[in-house]
Amino acid sequence: MSESLDKLFSPPRIKRDAAALAIWGCDWTRSFPVAPSAVVFPETIEEVQALVVLANEEGLQLVPSGGRTGLSGGAVASHGEVVVSFDRMNRILDFASADRLITCQAGVVTQTLQDFATRQGYFYPVDFASAGSSQLGGNIATNAGGIRVIRYGMTRNWIAGLRVVTGTGELLDCNQGLVKNATGYDFRHLFIGSEGTLGFIVEADVRLTRIPEPQQVMVLGFEKFRDILKVLSHFQSLVELSAFEFFSELALQKVTAHRELQRPLADGAQFYALLEFDASAAENATAAFEHAVTEGWVSDGVLSQSDAQAASLWQLREGISESLAPFSPYKNDLSVRISEMPEFLDDVDGMVRACYPDFEVCWYGHIGDGNLHLNILKPEDVSIDEFYHRCHEISPQLFELVRARRGSISAEHGVGLLKKEFLQYSRSSADLKIMRALKMVLDPNGVMNPGKLL
Ligand code: 2HG
Ligand code: ZN
């Protein structure tokens, strides 16, 4: 137990009781042991710097912790690490209207940022089901994506400036919120998606955009996966889409049962797509829908008639992950180029059927971005260890399919502990060599989120 740690933080800003260690020592991943030695709650950048310096001096290891909604074990402390919670660094520091920028501490909850932007007459477009709990620092550290990437891109697109404490305790001020800055390497982008392995994000300047006009939602039913992609291209030629999501019949069954929701269409279908667009584009969207029916791509569809109906259609997609949690799912978060999607899906489907004949496999995801979530559900009579072991054994075959199409083994959930041993399926040995070299420069003593990613 480090006495110097107690000099830096006194209760309640340091916790060592079992309940606190269990809460702050993990994220939503449930497959790793949770064993931190302490949780600390810094309130200033200087405290984070002092903590990192202390960690270097005393050989402590630090795990950053935001809203703990991660799905890859990126914020799990399994080996006596000190968890650094950003819960108390949760202030919005500035709003600069002329710059369209909000400056936030890392612990600001995503939804708080969204709501604040709306109150100023602007829009922060990155959104996902866990926005009510996840924190901005974690969003940036994992380059979070979500449901509107097709229109607005990932978190990376919205970060104009970053303050980061590196693994040596230095504070870097990256890009200062500038629009234009051609002064060499842009470190901002190195830290975005680095999962806290190079430094801890302490503040960010977040870019905003105009509030979109009211949205409408359409849910379509399909018999063949390939037809979903035909419909995507056809709609995109006529309508600016804000979202194009998909889910399988099994996913729909799970979410309607879990949340007691109505099914969207009178008849069942193999697959469903949820589309969102500006209400002013509804006429074009209806024309696109009629064309899709004539072509035989779509079996049926529904168009929201009110904001409340749009919100309840969204629940069918946004509630899926939560509805699967009771089945201890083994998660995959894959992406390929959209043009590769139909063949990739056929390959994955064939492999999954052959390898998991006795497991339920739930397909859903952000198909408009080429991102597929594949959740394999644990049968009741199989132990969790055996289930994970069997899924894990098959992962190399699955990732071989990803590699063959130059895709990603983690499109938006990060690598963390869960996908670390498979990183070479998406990153070359030259890439990995440079990643390790960067780690050595920015965190030479390995104090920042050890064991994650690399
Ligand atoms: C989603 O798109 C989230 O719903 C969670 O990224 C996906 O739980 C999952 O696999
Ligand atoms: Zn997702």
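Both ligands and their constituent atoms are indexed starting at 1 by order of listing. Residue numbers start at 1 and run along the sequence shown. Computed over heavy atoms, backbone and side chain alike; hydrogens, waters and symmetry mates excluded.
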Tabulated below should be the N or O atoms of ligand 1 paired with protein N or O atoms at under 3.5 Å; can you produce that?
from, atom 1, to, atom 2, distance (Å)
ligand 1, 2 (O), R317, NH2, 2.7
ligand 1, 2 (O), H366, NE2, 3.0
ligand 1, 2 (O), H373, NE2, 3.1
ligand 1, 4 (O), R317, NH1, 3.1
ligand 1, 6 (O), H373, NE2, 3.2
ligand 1, 6 (O), E412, OE2, 3.1
ligand 1, 6 (O), H413, NE2, 2.8
ligand 1, 8 (O), S321, OG, 2.5
ligand 1, 8 (O), K331, NZ, 2.6
ligand 1, 8 (O), Y364, OH, 3.1
ligand 1, 10 (O), K331, NZ, 3.3
ligand 1, 10 (O), Y364, OH, 3.0
ligand 1, 10 (O), N375, ND2, 3.1

Item to check | N, O or S atom of H413 closer to the Zn ion (ligand 2) than 2.8 Å | outcome: no
Checklist entry - How far apart are the closest heavy atoms of L198 and S194, and which atoms are they? => result CD1-CB, 4.0 Å
Checklist entry - Any chance CG of D307 has more than 12 other-residue heavy atoms, nucleotides or ligands included, within less than 6.0 Å? => result no
Item to check | Pairs involving residues 195-211, ordered by first then second residue, that meet salt bridge (Lys or Arg N to Asp or Glu O under 4.0 Å) (sequence neighbours left out) | outcome: R163-E203, R163-D205
Checklist entry - Would W297 and F289 satisfy ring pair (Phe, Tyr, Trp, His ring centres under 6.0 Å), going step by step from the backbone distance to the final call? => result CA-CA 9 Å; W297 299 332; F289 167 70; over 10 Å; no
Checklist entry - What's the atom name of the N, O or S in E412 nearest to the Zn ion (ligand 2)? => result OE2
Item to check | Sequence neighbours excluded, every pair satisfying salt bridge (Lys or Arg N to Asp or Glu O under 4.0 Å) that has a member inside residues 140-160 | outcome: D127-R148, R148-E276, R151-D278
Next on the checklist: Applying side chain to side chain donor-acceptor pair (under 3.5 Å) as the test, list every pair that has at least one member in residues 408-419; sequence neighbours left out.
Outcome noted: N332-K419, H366-E412, H373-E412
Checklist entry - To the nearest 10°, how many degrees is the angle H373 NE2 to the Zn ion (ligand 2) to H366 NE2? => result 100°
Checklist entry - Would the F222 and Y272 ring centres measure less than 6.0 Å apart? => result no
